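Just so it is clear, the model here is predicted, and its values are computed rather than measured.
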Amino acid sequence: MKKLVLTVLAAAGVFFSAQAVLAQQQAAALPVLTSKAYASMKKDDVYVVMFSAAYCGPCRVAKKELFPALIEKYRQDANVHFFVLDVEKDVPAADGTYLKDKWGVEGLPTFAVVYNDTVMYAARGYSAKTAPGIRQNIENKVNALK
């Protein structure tokens, strides 16, 4: 009986470790953006940018839940782009500006849908309660713009 319990506990530990590694890999695989990189991008495409930081718990959850689902949904749309911009690692554009300042980001996470260098939709914060509305609003705006 003791061996069975130890085997089950060991298997559970391996399972949860694998899940944690998978979640880290998915979050790490999200496309990254900097203010400098955005400055040279084509502006008549639709950009969905999530402003984030490593210390932000809701950001980490959104990177695991919301963003991968949206990226998958719009994978076939060549003119719709999703990026995570880490405000702590951001590199300013050549003129010294940061997108968070240009687009009025005041909290994290902030989701911005941008077209022709204009913020068409923005939402700040993320929780289980707000997630469905944020996702629906992003999808509605992206669908209207693409």
Side-chain angles (χ1 to χ4, degrees), residues 7-146:
T7 303
V8 169
L9 288 175
V14 169
F15 174 77
F16 288 115
S17 294
Q19 291 296 324
V21 168
L22 181 61
Q24 287 175 342
Q25 289 173 345
Q26 287 175 336
L30 296 175
V32 176
L33 181 67
T34 65
S35 297
K36 181 178 181 180
Y38 176 79
S40 65
M41 293 178 158
K42 182 178 160 186
K43 301 301 188 255
D44 61 347
D45 280 353
V46 177
Y47 294 91
V48 181
V49 180
M50 181 178 112
F51 290 85
S52 177
Y55 61 81
C56 173
C59 299
R60 288 191 299 271
V61 175
K63 283 189 220 177
K64 286 190 319 191
E65 297 174 356
L66 177 67
F67 244 54
L70 287 169
I71 289 169
E72 183 60 32
K73 179 174 180 146
Y74 292 98
R75 184 172 303 284
Q76 301 301 320
D77 290 315
N79 68 329
V80 179
H81 311 280
F82 290 84
F83 293 100
V84 174
L85 191 151
D86 186 323
V87 297
E88 294 181 311
K89 297 178 182 176
D90 196 11
V91 178
D95 64 1
T97 60
Y98 290 91
L99 288 176
K100 69 179 179 63
D101 299 327
K102 184 177 177 180
W103 294 346
V105 173
E106 296 179 352
L108 299 176
T110 291
F111 305 91
V113 178
V114 180
Y115 180 73
N116 280 334
D117 209 23
T118 302
V119 177
M120 307 301 284
Y121 169 78
R124 180 174 55 187
Y126 187 81
S127 69
K129 186 176 182 179
T130 63
I134 290 171
R135 179 177 177 157
Q136 188 63 55
N137 289 336
I138 290 172
E139 288 178 1
N140 289 346
K141 189 52 71 176
V142 167
N143 292 338
L145 293 169
K146 67 178 189 160

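- A salt bridge links K146 with D77: the distance from a Lys NZ or Arg NE/NH1/NH2 to an Asp or Glu carboxylate oxygen falls below 4.0 Å.
- Partners of F67 by ring pair (Phe, Tyr, Trp, His ring centres under 6.0 Å), not counting sequence neighbours, listed by chain and number: F82.
- When the side-chain hydrogen bond (donor to acceptor under 3.5 Å, both in side chains) test is applied to Q136, the partners found at least two apart in sequence or on another chain are N140.
- Atoms NE2 and CE, on H81 and M41 in that order, are 7.5 Å from each other to the nearest 0.5 Å.
- T110 meets the side chain to side chain contact (heavy atoms under 4.5 Å, CB included) test with F51, V105, R124; sequence neighbours excluded.
- Here OG of S52 is found 12.5 Å from CG of L33. Values are rounded to the nearest 0.5 Å.
- In K43, the NZ atom is crowded: over 12 heavy atoms of neighbouring residues, nucleotides or ligands sit closer than 6.0 Å.
- When side chains are defined from C-beta on, V114 does not count as touching V46, because their heavy atoms never get closer than 4.5 Å.
- In this structure, T118 contributes its side chain and M120 its backbone to no donor-acceptor pair below 3.5 Å.
- Rounded to the nearest 0.5 Å, atoms OH (Y47) and CG (L85) are 13.5 Å apart.
- The OH atom of Y38 sits 11.0 Å away from atom OG1 of T97, with the distance rounded to the nearest 0.5 Å.
- Contact record, V119 with A112: CG1-CB, 4.4 Å, taken as the closest heavy-atom pair.
- The 12-atom threshold is not exceeded at CD of Q76, counting heavy atoms of other residues, nucleotides or ligands nearer than 6.0 Å.
- Smallest separation of non-hydrogen atoms from P68 and A62: CD-O, 4.0 Å.
- When all heavy atoms of Y126 and A131 are compared, the closest pair comes out as OH-CB, 3.4 Å.
- Among residues two or more places apart in sequence or in another chain, the ring pair (Phe, Tyr, Trp, His ring centres under 6.0 Å) test is passed with Y115 by none.
- In plain terms, the two heavy atoms of Y98 and D90 that are nearest each other are CD2-OD2, 3.2 Å.
- To the nearest 0.5 angstrom, L70 atom CG is 11.0 Å from E72 atom CD.
- Taking each heavy atom of A78 and D45 in turn, the nearest pair found is O-OD2, 4.3 Å.
- In this structure a side-chain-to-backbone donor-acceptor pair under 3.5 Å is present from S35 to L99.
- Side-chain contact between C59 and D86 is absent, with no heavy atoms from C-beta onward closer than 4.5 Å.
- In this structure, the separation between CD1 on I134 and NZ on K129 is 12.5 Å, given to the nearest 0.5 Å.
- When side chains are defined from C-beta on, V48 does not count as touching F111, because their heavy atoms never get closer than 4.5 Å.
- The shortest side-chain heavy-atom distance between D117 and W103 falls under the 4.5 Å cut-off.
- In this structure, Y121 has no ring pair (Phe, Tyr, Trp, His ring centres under 6.0 Å) partners at least two apart in sequence or on a different chain.
- For R60 (side chain) and A54 (main-chain N/O), a donor-acceptor pair under 3.5 Å exists by modelled atom type.
- Between P109 and M50, the closest heavy-atom pair is CB-CG, 4.3 Å.
- For the salt bridge (Lys or Arg N to Asp or Glu O under 4.0 Å) test, residues two or more places apart in sequence or in another chain that qualify with D44 are K42.
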